[in-house]
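Numbering starts at 1 and runs along the sequence shown. Order of listing sets the numbers, starting from 1, for every ligand and every atom in it. Heavy atoms only: backbone and side chains are in, while hydrogens, waters and symmetry mates are out.
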Amino acid sequence: MARLGTETAFEVLVKAKALEAQGRDIVHLEIGEPDFDTPRNIIDAAVDALHNGFTHYGPSAGLMELREVIAQYVSDTRNVDVTPEEVVVVPGGKPIIFFSILALAEDGDEVIYPNPGFPIYESMINYVGAKAVPIRLREELDFRLDVDELASLINDRTKLIILNSPQNPTGGMLEKNDVDRVASTIGDRNIMILSDEIYSRLIFEGEHHSIMSINGMKERTILLDGFSKTYAMTGWRMGYGVMRPDLAAHISRLMTNSSSCTASFTQIAGIEALRGPQESVDQMRDQFKKRRDIMVAGLNNIKGFSCRLPHGAFYVFPNITETGWPSKKLADALLDDAGVAALSGTAFGAFGEGYLRFSVANSIENIEKALERVGSWAKSNL
Ligand SMILES: Cc1ncc(COP(=O)(O)O)c(C=O)c1O
């Protein structure tokens, strides 16, 4: 258990709530979930499903009706032929990370993962006893990964490479050329890719490029996607993986051994999410874009902060090295003194030092309040 890490966002949330309980006013920019409600048509579909008997166990890999819809959706959006046998529905995107690493890596293996990156990758790699090999995401590359550097990290023990685009926490996005070069770098080595594409519908500029779309890569890729971020369904717990049928059978067996199945009525709602009107997704994305613009412009006006424009997801990741403060200390001071909850870049790995992550999944009013508070804190303390 000593090897298992965690996700600091939940810890900062607890601390911020404790301050609120003491009467403090806190602006929450720490947690990574849309502040919008789940669209009404999806909620109605779940309520109907409850009334229609979807209250029982279902197949471990997910209801066939939903797996068919997901297979179609992934075929359309990634330009590959996907069958329902290649889809495993799980409670959130996270279990695909958990199960894939558990299934593919062990003592003596190496797994390459983005750093700064979603902390569960590093946590799980360490947990299974494999070696966690970070690929540093650099600000000067707009937080895309450097494929030459990736090539230098690959060796005979490399079992798995984790990609995440659009990326948490940086908002970086892989370009077509990047995924092409990652695929050719791997060549015919026996290496799998876990491609975390949970933010693929939250893109402000440019297009989403999945490594799964590249000729010959589908068999080597486990695609992770889900409902949490796209449809504001974080609390519903539903996501999925797309992978070769032989691997899908193993991941399903891990489901049988852990959760048995994803809740049945939520899966019926998942069909409505993918098949129903998509305007709410566009509206949420447009809102996030507005907020991102305000946040980035505001941060760039604050002494010691400089912030690139993230192209996807709903986070901004300013460089704070000019403040002279270490990231964790600065995040703590902003919470304690200014009432703004943000995360230290180091919550996303050692290469997050020098950065903070602010989520823009909050109202413009609150984002402006946060900017004002951070600005006046900087004036008095820097
Ligand atoms: C990159 C990334 N992958 C996966 C997840 C997990 O998503 P879910 O809540 O659906 O488990 C998150 C959530 O923050 C994330 O940022």
Side-chain angles (χ1 to χ4, degrees), residues 5-13 28-36 38 42 62 66 70 88-101 111 113-125 135 137 143-145 160-174 193-203 208 210-211 222-242 251 254-255 258-259 262-263 266-267 269-270 273-274 281 288 310-317 343 345 347-349 352 357-361:
T6 189
E7 203 182 338
T8 315
F10 290 100
E11 288 169 10
V12 175
L13 181 66
H28 289 275
L29 302 182
E30 74 277 39
I31 204 91
E33 70 169 338
D35 54 320
F36 303 104
T38 306
I42 301 174
L66 175 61
I70 291 170
V88 185
V89 181
V90 293
K94 241 180 197 172
I96 292 296
I97 301 172
F98 194 98
F99 293 155
S100 303
I101 295 173
V111 181
Y113 70 102
N115 188 327
F118 190 49
I120 301 307
Y121 309 139
E122 188 182 276
S123 163
M124 278 305 297
I125 300 164
I135 167 94
L137 302 187
F143 298 109
R144 291 157 37 229
L145 59 81
L160 181 67
I161 297 173
I162 301 176
L163 302 178
N164 174 213
S165 178
Q167 212 249 351
N168 176 11
T170 66
M173 274 176 48
L174 295 175
I193 300 273
L194 171 60
S195 185
D196 184 341
E197 304 181 16
I198 198 130
Y199 296 102
S200 58
R201 295 281 292 279
L202 287 169
I203 290 180
H208 179 60
S210 172
I211 196 159
I222 299 170
L223 177 139
L224 179 166
D225 205 337
F227 298 82
S228 303
K229 318 285 178 177
T230 307
Y231 300 102
M233 291 174 71
T234 46
W236 294 62
R237 308 313 301 139
M238 185 164 49
Y240 53 88
V242 179
I251 302 297
L254 282 168
M255 269 298 285
S258 52
S259 311
T262 305
T266 61
Q267 294 188 62
L274 287 171
V281 180
F288 287 135
H311 300 298
F314 40 66
Y315 311 105
V316 302
F317 201 63
L343 296 185
F348 302 92
R357 190 194 80 170
F358 294 92
S359 160
V360 294

Among all protein heavy atoms in this structure, tell me which lies nearest to [atom], with the distance rounded to 0.1 Å.
atom: atom 8 (P) of ligand 1; result: G93 N, 3.4 Å
atom: atom 10 (O) of ligand 1; result: S228 OG, 2.6 Å
atom: atom 7 (O) of ligand 1; result: I198 CD1, 3.6 Å
atom: atom 3 (N) of ligand 1; result: D196 OD2, 2.6 Å
atom: atom 12 (C) of ligand 1; result: F118 CZ, 3.5 Å
atom: atom 6 (C) of ligand 1; result: K94 N, 3.8 Å
atom: atom 13 (C) of ligand 1; result: K229 NZ, 2.8 Å
atom: atom 9 (O) of ligand 1; result: R237 NH1, 3.1 Å

Separation of [Y] [atom2] from [X] [atom1] (nearest 0.5 Å):
X: Y315; Y: N168; atom1: OH; atom2: CG; value: 4.0 Å
X: I162; Y: I120; atom1: CD1; atom2: CD1; value: 11.0 Å
X: L224; Y: F99; atom1: CG; atom2: CZ; value: 12.0 Å

Sub-4.0 Å heavy-atom approach of F314 to ligand 1: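 Checking ligand 1 against F314, which is what was asked, there is no heavy-atom contact under 4.0 Å.
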
Identified side chain to side chain contact (heavy atoms under 4.5 Å, CB included) partner of L343 from the options L13, I31, V12: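 Going through the options one by one, the only one that passes is V12.
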
For [X], which part has a heavy atom under 4.0 Å from ligand 1: side chain, backbone, both, or neither?
X: F227; result: neither
X: Y121; result: side chain
X: T234; result: neither

Ring centers of Y199, F118 separated by less than 6.0 Å: no

Numbered atoms of ligand 1 (with element) below 4.0 Å of [X], judged on heavy atoms:
X: Y199; value: 1 (C), 14 (O), 15 (C), 16 (O)
X: N164; value: 1 (C)
X: N168; value: 1 (C), 15 (C), 16 (O)
X: G92; value: 10 (O), 11 (O)

Has [X] got a side-chain atom pairing as donor or acceptor with [Y]'s backbone, closer than 3.5 angstrom?
X: K229; Y: G32; result: yes
X: Y113; Y: Y121; result: no
X: S258; Y: L254; result: yes

4.5 Å side-chain heavy-atom contact, S123 and T6: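 With C-beta onward as the side chain, the pair stays apart.
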
Residue pair P310 / Q167, side-chain heavy-atom distance below 4.5 Å: no

N/O separation below 3.5 Å, I97 to ligand 1: no

Full working for side chain to side chain contact (heavy atoms under 4.5 Å, CB included) between H28 and D35: CA-CA 10 Å; H28 289 275; D35 54 320; over 6 Å; no

